[in-house]
Structures are given as structure tokens and as C-alpha cells.
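What follows is a single structure, written as C-alpha cells, with notes after it.
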Amino acid sequence: MPARIPDANALVPEIQEVAAALVRAVGNGSVPENTTTLMFLRAGQIVGNSYQVTRHTAGLRAAGESEDRLATVVTWWDSPYFSEAERAALALTEAVFGPTPPGAERVPDDLFATVARHYDEKAQATLAVVLASAGFWMNIAVVLKPPAIVQPATAA
């Protein structure tokens, strides 16, 4: 399926300025890059966006992530492959992008306390920027529908 708009960057070049600022903020070194990419991947899974899922899976694979970790991001809470800090970041992603029961707080204090046990204040702020960035890119991908990234087949 072709993208709805082949090159939004050409039409709105300011997107690249926003992108550069988000990349700098997310990549400030306070949160491991693979953790932020796991968050982007999980957000894509929750929203159901193939472009985001394939893009971030490809990035994690290129960074050396195991197929076991990639396959179980969707069930991170039940997977033995993630550290407690990664679980906290993925739980935060789940809270922000997943459905919230009526009357419930999207990010309750106990979840934030769990995140704070694993990340200092700069990293906590960075995690919020990761989620804001994921939302920014997710909205563009959902509306403009860029095609999923074709990844090379892996040996079974």
C-alpha cells in the first residue's frame, strides 16, 4: 500500500527541525538507546502501526537485539528477557499508549515510583520526551500511512 503523501518532509520541511530536536532530547545519554527504541516499538504495537513496528524492529535488530527480545516485546510483562529498568519503561509506555479505564489515572503514582527507582530525574524527563516523540511520529504515521519497512528474512 503506498503512502498517502510520499514525502511529507518536502511539503513541511519544519518536520526535520522538530525531528532533530527530538532525536537530540531522546539521545541525551540518560536512557539507553535500546530502551528508548523498545519503547517506540511497544508504542507502535499498541497503536497497531506496521510502519513504526517494522522501523523499530529493524533498528533493534541492527543494534544486536536478540530475536527472543524482539518477539516478546509484545508480552514484555511475561518475558524473562527484560531488565527491571526496561520493564518500568515499557510499563510507562503501556500506560501512556494503552487504554485507560474510565476514572483511572493514566500514569498512577505507583507506576511513576517504579520508574523513579530505576531512573534519575533527567532520565525520567527523557522518558516523557521519548513518549512525546513516539506520539508525534505515531500520529504522522497513522495519518500518512508510510509503508512498512521490508526486512530481510532471518534464518530459522
Side-chain angles (χ1 to χ4, degrees), residues 15 18-156:
I15 291 173
V18 173
L22 289 171
V23 166
R24 282 191 309 275
V26 167
N28 66 28
S30 65
V31 178
E33 184 176 350
N34 281 13
T35 300
T36 63
T37 308
L38 287 168
M39 293 171 71
F40 285 127
L41 171 57
R42 183 63 189 131
Q45 291 172 336
I46 293 167
V47 171
N49 186 268
S50 294
Y51 172 77
Q52 292 292 342
V53 169
T54 57
R55 177 173 185 256
H56 296 297
T57 300
L60 287 162
R61 190 174 280 122
E65 285 290 354
S66 73
E67 291 302 315
D68 290 331
R69 278 173 54 92
L70 293 175
T72 59
V73 169
V74 72
T75 57
W76 61 268
W77 59 89
D78 191 36
S79 171
Y81 302 113
F82 300 101
S83 70
E84 291 304 312
E86 290 169 330
R87 287 176 192 284
L90 289 166
L92 187 61
T93 305
E94 199 85 23
V96 170
F97 282 93
T100 301
E105 189 174 12
R106 191 166 282 279
V107 179
D109 291 340
D110 61 330
L111 171 55
F112 194 80
T114 298
V115 170
R117 281 196 297 275
H118 300 284
Y119 298 98
D120 65 20
E121 287 185 342
K122 181 176 181 177
Q124 292 166 33
T126 300
L127 291 171
V129 173
V130 170
L131 295 168
S133 178
F136 174 82
W137 292 115
M138 197 70 62
N139 289 324
I140 290 174
V142 166
V143 172
L144 301 182
K145 292 181 89 172
I149 295 172
V150 177
Q151 298 183 49
T154 58

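Numbers here are sequence positions counted from 1.
- Atom CD of E105 has more than 12 neighbouring heavy atoms from other residues, nucleotides or ligands inside a 6.0 Å radius.
- Between the CD1 atom in I15 and the CH2 atom in W137 there is a gap of 6.5 Å [rounded to 0.5 Å].
- Judged as a ring pair (Phe, Tyr, Trp, His ring centres under 6.0 Å), the pairs with a partner in residues 38-75 (not counting sequence neighbours) are, in order, F40-H56.
- A donor-acceptor pair is defined here as one N or O able to donate and one able to accept, closer than 3.5 Å; such a pair exists between the side chain of T72 and the backbone of D68.
- When every heavy atom of V142 is checked against every heavy atom of K145, the shortest pair comes out as O-CG, 3.7 Å.
- In plain terms, the two heavy atoms of V53 and G44 that are nearest each other are CG2-C, 3.5 Å.
- Between T100 and A95, the shortest heavy-atom distance links the atoms OG1-O, 4.1 Å.
- The nearest pair of heavy atoms linking V129 to A25 is CG1-CB, 3.8 Å.
- Atom CG of N34 is separated from atom CG of L38 by 6.5 Å, given to the nearest 0.5 angstrom.
- Remark: S66 engages no residue in a side chain to side chain donor-acceptor pair (under 3.5 Å) (not counting sequence neighbours).
- The distance from atom CD of Q45 to atom OG1 of T75, rounded to the nearest 0.5 Å, is 9.0 Å.
- The backbone N or O of A85 sits nowhere less than 3.5 Å from a side-chain atom of R117 that would complete a donor-acceptor pair.
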Original post:
Between L90 and W77, is a side chain to side chain contact (heavy atoms under 4.5 Å, CB included) present by the stated rule, with each step listed?
Top reply: CA-CA 8 Å; L90 289 166; W77 59 89; over 6 Å; no
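- Contact of the R55 side chain with the L41 side chain is not registered, since no non-hydrogen atoms from C-beta on lie closer than 4.5 Å.
- Between T35 and E86, the shortest heavy-atom contact is OG1-CG, 3.8 Å.
- Here I140 contributes atom CD1 and N49 contributes atom CG; the two are 11.5 Å apart, rounded to the nearest 0.5 Å.
- Remark: F97 CZ to L92 CG distance equals 10.0 Å, nearest 0.5 Å.
- Within the model, atoms CD of E94 and CE of M39 stand 11.5 Å from one another, a figure rounded to the nearest 0.5 Å.
- Not counting sequence neighbours, the partners of S30 by the side chain to side chain donor-acceptor pair (under 3.5 Å) test are N28, T126.
- Contact between L111 and A88 at its shortest, heavy atoms only, is CD1-O, 4.5 Å.
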